[in-house]
Amino acid sequence: MRTDTDHAAGRDATKGAPGRKPHYRDADLVVMPIRMGSGTRIKAIKALNLGRPIVSTTLGVEGLGLIPGRHILIADSAEDLAAACRRLLTDPVLRAELVSNGREKVRADLGYERALATLMKLLGRNSEPLTNGC
């Protein structure tokens with residue numbers, strides 16, 4: 001984000017911004033209290049891939065094929081979200097299981113390689129990467 005002061009001074013406040021990865025890495029868990037909206041749940045995929053357990057509403061991970069209690073915890077009320085967060089923060093075994101299963105789910109079904117293979121299949125091509133000469 002640029003401010004008027006930054007603009008006047010010729011500075012770009014976003015240049016060199018670290019992105020969200022450090023925030024995911026520092027987090028003990030990711031909470032996704034999504035109540036409306038649509039689209040791809042990239043933040044959930046990223047959190048799983050970075051090894052962070054997720055507490056989400058049903059809508060927050062809709063369409064990803066995640067299994068509650070295996071890949072994530074689902075909670076659709078404020079009270080249940082708080083209870084699920086408390087459970088994850090106090091149960092390291094459950095956290096480790098969700099992290100392991102979540103990463104495996106991303107590798108098997110939600111990662112780049114799987115998306116590329118699906119795209120290539122839809123395009124009627126083999127699994128070789130696209131090149132500039134296509």
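Quantities reported herein were computed from a predicted structural model and do not represent experimental measurements. Computation of the quantities below employed the complete heavy-atom set of this structure, encompassing side-chain atoms and omitting hydrogens, waters and symmetry-equivalent molecules.
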Quick check on Arg87: does its CZ atom have over 12 non-hydrogen neighbours (other residues, nucleotides or ligands) under 6.0 Å away?
no
Nearest-0.5 Å distance, CZ of residue Arg70 to OG of residue Ser100:
8.5 Å
Looking at CG of Leu59 and CE of Met36, how far apart are the two atoms once the value is rounded to the nearest 0.5 Å?
9.5 Å
State, with a plain yes or no, whether a side-chain heavy atom of Leu66 is found less than 4.5 Å away from one of Leu48.
yes
Would you say Arg52's side chain and Leu29's backbone share a donor-acceptor pair under 3.5 angstrom?
no
Between the CG atom in Leu64 and the NZ atom in Lys105, the distance rounded to the nearest 0.5 Å is 8.5 Å
Is it true that Ile45 and Leu50 fall in one hydrophobic cluster, defined by side-chain heavy atoms closer than 4.5 Å?
yes
Would Leu94 end up clustered with Val55 when hydrophobic side chains under 4.5 Å apart are linked, directly or stepwise?
yes
Show the atom names and distances, to 0.1 Å, of all donor-acceptor pairs under 3.5 Å that link a side chain in residues 72-86 to residues at least two apart or in another chain.
unit_1: Asp76; atom_1: OD1; unit_2: Thr58; atom_2: N; d: 2.8
unit_1: Asp76; atom_1: OD1; unit_2: Thr58; atom_2: OG1; d: 3.3
unit_1: Asp76; atom_1: OD2; unit_2: Thr58; atom_2: OG1; d: 2.7
unit_1: Ser77; atom_1: OG; unit_2: Asp80; atom_2: N; d: 3.1
unit_1: Ser77; atom_1: OG; unit_2: Asp80; atom_2: OD2; d: 3.3

Show the nearest heavy-atom pair for residues Ala47 and Val30, with the distance to one decimal.
CB-CG2, 3.8 Å
Would you call Ile54 and Leu98 a side-chain contact if the rule is heavy atoms closer than 4.5 Å?
no
What is the distance from atom CZ of Arg95 to atom CG of Leu89, rounded to the nearest 0.5 Å?
6.5 Å
Closest contact, heavy atoms only, His71 versus Asn101:
CD2-O, 3.3 Å
Report the hydrophobic cluster partners of Val99, with the cluster defined as I, L, V, M, F, W, Y residues connected by side-chain heavy atoms closer than 4.5 angstrom, directly or transitively.
none
Quick check on the hydrophobic clustering: are Met32 and Val106 connected, directly or via other members, by side-chain heavy-atom contacts under 4.5 Å?
yes
